Engineer: 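Here it is, the structure in full.
Everything numeric in this text was worked out from a predicted model, so none of it was measured.
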Amino acid sequence: MLMELIAQNMAPIMFVSLIVFLLLGYPVAFSLAANGLVFFIIGVELAPLSGGSINLDWPLLNAMPERFWGVLSNETLLAIPFFTFMGILLEKSGMAEDLLDTIGQLFGPIRGGLAYAVILVGALLAATTGVVAASVIAMGLISLPIMLRYGYDRRIASGVIAASGTLAQIIPPSLVLIVLADQLGRSVGDMYKGALIPGLVLTGLYMLYVLVMSILRPNSMPALPKEARTLGQGVMSFFVAMGIGIAVFIAAQHWLAGTGAAKNAGILAASIAVIFVYVMALIDKATGLDRMSHLAQQVIIVLIPPLALIFLVLGTIFLGIATPTEGGAMGAVGALILSAVKKRLSLEVVREALAATTRLSAFVMFILLGARVFSLTFYGVNGHIWVEHLLVSLPGGETGFLIFVSILVFFLAFFLDFFELAFIIVPLLVAPAEALGIDLIWFGVILGVNMQTSFMHPPFGFALFFLRSVAPKVPFLDKVTGKLTEPVKTSQIYWGAVPFVCIQIVMIAVVIAFPQLVMHYKGKPVDVSHVTVTVPGGIGGGLGGGLGMPGGLGLPPIGAQPGAVPAPGGLGGLPPGLGAPAGQPVTPPAGGASLGIPAPLGLGGAPITGN
């Protein structure tokens with residue numbers, strides 16, 4: 001009796017056992033694989049007692065090599081090492097340092113200027129690297145000492161840096177979006193398009209929080225003093241250059257609208273405008289004309305190369321020129337070129353980037369292989385059906401399901417990172433989501449924003465660990481002022497993250513409430529209100545006058561004697577009625593069903609009778 005109970009409830013027992021394995025601290029990949037193999041053996045032995053709920057047998061293990069090969073030959077996952085390599089190389093190239101310095105001075109005259117700069121640079125690094133660790137560590141090393149030097153509240157400074165680094169989770173080319181697209185069985189390009197606007201909206205919410213805090217607590221984020229703005233004045237010059245760029249964009253778009261490139265006129269016009277402003281700044285600096293301020297020159301020259309790299313990666317993907325894997329390869333080459341131009345490219349830098357890329361790629365592959373072993377057994381004990389019934393029966397339908405899943409993933413993120421969530425939890429949610437008619441790209445973006453909180457959760461958030469590793473732990477002498485500066489406490493880092501976790505929860509609710517933030521990836525809907533369906537001549541007259549041949553199907557009337565001559569009017573001698581004359585619109589008769597079948601009569605508009 002006990003064995004039968006275990007056999008019939010194998011799926012929940014297996015799932016709970018996996019959670020226990022993970023909580024005991026075993027590596028995720030080996031926990032998945034060991035759990036799958038142990039329960040496979042148990043399932044085979046208990047299959048006769050399960051009443052048909054266990055579909056496992058020893059020959060099923062023969063499918064395992066093919067499942068492994070399916071993972072190893074997946075070209076979509078090849079984008080992960082490319083984007084990882086690109087991100088680490090850019091972090092080594094000093095791009096983050098240059099961006100923070102110039103944008104920080106651009107916003108320096110206003111309260112919270114450094115915080116705005118950190119958020120904008122975080123978004124730019126997210127769009128070029130897609131790696132959270134690289135973004136958080138780079139900004140922690142560069143901007144945190146400057147923010148402490150000029151009197152920023154430690155909690156706000158820590159929260160802004162950690163939160164901005166996690167934008168790499170949701171802004172393309174995010175690694176988590178690649179993994180989610182693969183697990184949901186959807187296009188990475190569509191996932192990138194769907195996530196772009198929510199990522200930018202989240203960036204805007206972060207900046208709104210800084211604005212509110214700068215009004216409520218102005219002393220918590222003072223403006224940079226004049227002596228710290230080494231690039232001088234000239235913000236107006238920068239805005240004039242931007243105005244020229246906008247004028248070039250409008251002119252280029254108007255010109256392209258009348259050419260064969262009208263479909264992509266917006267993206268191409270933006271590229272022309274950016275190139276024009278960049279060349280203008282380079283010429284102004286090289287010739288010494290100094291029509292621009294030194295600040296405007298520096299901001300444009302530093303800002304444009306990463307924007308060009310973003311276009312090289314995302315622009316080619318969105319235009320359909322390149323696949324995500326090809327875009328990642330071009331991004332890696334672009335990162336090598338940028339590093340070489342900045343004279344930061346060396347054999348040691350490449351070696352470190354390749355080593356880190358190999359470690360992350362191997363980590364992902366091992367988890368995927370372990371997940372394949374686990375899923376083979378879990379599906380064999382009908383675990384997917386158990387999960388589907390459990391989630392589809394939730395109250396509230398689609399909205400209830402999304403809210404429950406969001407709460408579940410939010411709490412699991414306290415203990416699991418996004419790779420583990422994507423490979424363990426997400427595959428179980430696909431079938432219930434499809435059963436409820438939920439668009440999987442929309443669902444994937446909701447999960448992506450939710451998993452972003454896994455990096456910010458005190459006390460296990462990885463972004464907090466990364467920042468803790470580079471934040472000062474003991475009092476230190478500031479390099480510029482020479483003053484003794486207090487360290488940043490771990491409690492200050494954690495409390496600084498809490499408001500941003502709340503903002504991310506609000507963003508999850510916004511994406512659920514306004515699906516069009518994501519659904520724009522489908523393009524404009526087709527208006528079918530004026531569409532007329534015309535029957536081609538090959539199906540002239542419908543079935544009533546013959547299915548693609550005159551005079552009907554050549555069948556005798558229904559109920560006629562053997563050898564009877566076929567009637568000329570339709571299917572088995574029925575009068576015409578199912579269809580319309582060749583080339584004419586199909587119009588249902590009044591009171592009847594479509595295709596000319598009046599209710600409750602038979603085919604052809606007449607009762608079916610025999611002789």
Engineer: Out of Leu144, Val160, Leu125, which residue meets the side chain to side chain contact (heavy atoms under 4.5 Å, CB included) rule with Met139?
Structural biologist: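 Checked Leu144, Val160, Leu125 against Met139; only one passes side chain to side chain contact (heavy atoms under 4.5 Å, CB included): Leu125.
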Engineer: Once you measure the plane-to-plane angle for Tyr116 and Phe107, does it fall in the parallel (<30°), tilted (30-60°) or perpendicular (>60°) bin?
Structural biologist: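 Tyr116 and Phe107: tilted rings.
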Engineer: Roughly how far, to the nearest 0.5 Å, is the CD1 atom of Ile317 from the OG1 atom of Thr325?
Structural biologist: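 Atom-to-atom, Thr325:OG1 and Ile317:CD1 are 8.5 Å apart.
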Engineer: Does the side chain of Asn219 come under 3.5 Å of the side chain of Tyr152 through a donor N or O and an acceptor N or O?
Structural biologist: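 No, Tyr152 and Asn219 have no side-chain donor paired with an acceptor closer than 3.5 Å.
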Engineer: Could you pull out the closest heavy-atom pair between Met456 and Ala463, with the gap in Å?
Structural biologist: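 The answer is SD-CB, 4.5 Å.
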Engineer: Can the ring centroids of Phe318 and Tyr192 be said to lie less than 6.0 angstrom from one another?
Structural biologist: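 No, too far apart.
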Engineer: Any side-chain donor paired with an acceptor under 3.5 Å for Gln504 and Thr453?
Structural biologist: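 Gln504 vs Thr453: no donor-acceptor pair found between side chains.
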Engineer: May I ask you to say whether Lys522 pairs ionically with Asp190, meaning some side-chain N is under 4.0 Å from a carboxylate O?
Structural biologist: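 Not counted as a salt bridge, because no side-chain N and carboxylate O are separated by less than 4.0 Å.
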Engineer: Is the backbone N or O of Val299 less than 3.5 Å from a side-chain atom of Thr102, with the two atoms forming a donor-acceptor pair by type?
Structural biologist: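 No; zero donor-acceptor contacts below 3.5 Å.
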Engineer: Tell me if a side-chain donor or acceptor on Thr316 pairs with a main-chain N or O of Val313 at a distance below 3.5 Å.
Structural biologist: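 Here the side-chain-to-backbone pair exists.
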Engineer: Would you say Thr490 and Arg468 are linked by a side-chain donor-acceptor pair, where the criterion is simply a distance under 3.5 Å?
Structural biologist: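 Yes, Thr490 and Arg468 have a side-chain donor paired with an acceptor closer than 3.5 Å.
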Engineer: Decide yes or no on side chain to side chain donor-acceptor pair (under 3.5 Å) for Gln169 and Ser174, but give the supporting numbers first.
Structural biologist: CA-CA 5 Å; Gln169 282 282 95; Ser174 161; 4.9 Å; no
Engineer: Give a yes or no on whether the ring-centroid distance for Phe249 and Phe276 is below 6.0 angstrom.
Structural biologist: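 They do not qualify: ring centres at least 6.0 Å apart.
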Engineer: So which of Val449, Leu447, Ile508 actually passes side chain to side chain contact (heavy atoms under 4.5 Å, CB included) with Ser406?
Structural biologist: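 Of all the options given, the one that passes is Ile508.
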